[in-house]
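Just below is one structure, and these are the notes that go with it.
In the text below, chain A, chain B and the rest are named by the order of the sequence lines, each starting its count at 1.
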There are 2 protein chains.
Amino acid sequence: MSDPTYSIGELCAEFDVTPRTLRFYEQRELLTPIRDGQRRIFTQRDRARLKLILRGKRFGFSLESIRQWLNLYDLGDGGVTQMTTWVENAKTQMGALRDQRDELEDAMAELQVLIDETEAELSRRAAKRAAE
Amino acid sequence: MSDPTYSIGELCAEFDVTPRTLRFYEQRELLTPIRDGQRRIFTQRDRARLKLILRGKRFGFSLESIRQWLNLYDLGDGGVTQMTTWVENAKTQMGALRDQRDELEDAMAELQVLIDETEAELSRRAAKRAAE
DNA sequence: TATTACGTTGACGTAAACGTCAAGATCACT
DNA sequence: AGTGATCTTGACGTTTACGTCAACGTAATA
């Protein structure tokens, strides 16, 4: 049996997006479904790419940068020169992800301090009220 | 000496944003500069809020959700009920940040695997070439 | 055969987050 | 009094990422 394929509706249901969205991604060359007559047939590759697209979006990346990023994924083969370039780009991307994660953890730490302080104040007030 | 204040140009230079941006944030009630005649005077509070705004943006939050988030920050005082509500909201936000961080780390791990594989392939090819 | 479900291509609309003039005020110099 | 720097308030323009019709095709089903 060959690789499973998906209609536009199936992929939409699975990832909770609208057909408009998938057609838009195709127009922007993020997805490249094949055709059965007029109808789009999405392959495993499209499905995998869609996953990456949606994750990229959650990280706040633009579709255009996600597109470049996907192309970067694709060039896993190619010559030594291409692979070397790929690794460089990938490491740059890793740095960006690391920075974002660090910033996130800073924000989490700050927020935790505020939560702790507020909860401490709350228990002080509770103790005071109990003492009366 | 009292708290330092900033002109719109000063804050723009410091945070690398345009005046239009700060006026826009004021209109959306994310900043509340006071006035010297017509001119805006930004206080320490505005500066602190701007920092949070820009960080929120880097995390992909909308200005509207950042606004609510800032107001949430402000209500560090207020009654016990308000504080309790605040803590609940803050914990929800913490969960969201945690999820995002976890997703980021998953992505980083995946990417690292690809990098490692590609580098391994590169060194295999280098060894092969050296053997000839 | 008619309906229903699912799909197609335009084409125009929209919300967010600013950018980009235009026209004028205010202030420091010269 | 003139020049330049910095600021002001409109008001319209722009990009991104889709939403929302409209009008149509095709395929299974009642």
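- Across all their heavy atoms, B/L30 and B/L63 have their closest contact at CD2-O, 3.6 Å.
- Contact annotation: A/T18 side-chain N/O to D/dG19 OP1/OP2 distance is under 4.0 Å.
- Under 4.0 angstrom from either OP1 or OP2 of D/dT16 there lies no side-chain N or O belonging to A/K57.
- Under the 4.0 Å criterion applied to side-chain N and carboxylate O atoms, B/R23 and B/E26 are not assigned as salt-bridge partners.
- Contact annotation: B/R67 does not reach the phosphate of C/dA17 (side-chain N/O to OP1 or OP2, under 4.0 Å).
- Checked by distance alone, A/R39 brings a side-chain donor or acceptor within 3.5 Å of a matching partner on the base of C/dC6.
- At D/dT6, none of the side-chain N or O atoms of B/S7 fall inside 4.0 Å of OP1 or OP2 (strictly under the cut-off).
- Rounding to whole angstrom units, CG of residue A/L31 and P of D/dA17 are separated by 14 Å.
- Between the side chain of A/R20 and the base of D/dT20, at least one donor-acceptor pair of N or O atoms lies under 3.5 Å.
- Comparing C/dG19, D/dC18, C/dA17 by their nearest atom to the side chain of B/S62 picks out C/dA17.
- Salt bridge status for B/E103 with A/R58: present, with a side-chain N to carboxylate O gap under 4.0 Å.
- At whole-Å resolution of the value, CG in B/L22 and P in C/dA17 are 15 Å apart.
- Residue-level contact check: A/R23 touches the bases, meaning some heavy atom is under 4.0 Å from a base atom.
- B/R101 CZ to B/D106 CG: the interatomic distance, rounded to the nearest 0.5 Å, is 10.5 Å.
- Rounded to whole angstrom, the span from the CD1 atom of A/I8 across to the P atom of D/dT26 amounts to 18 Å.
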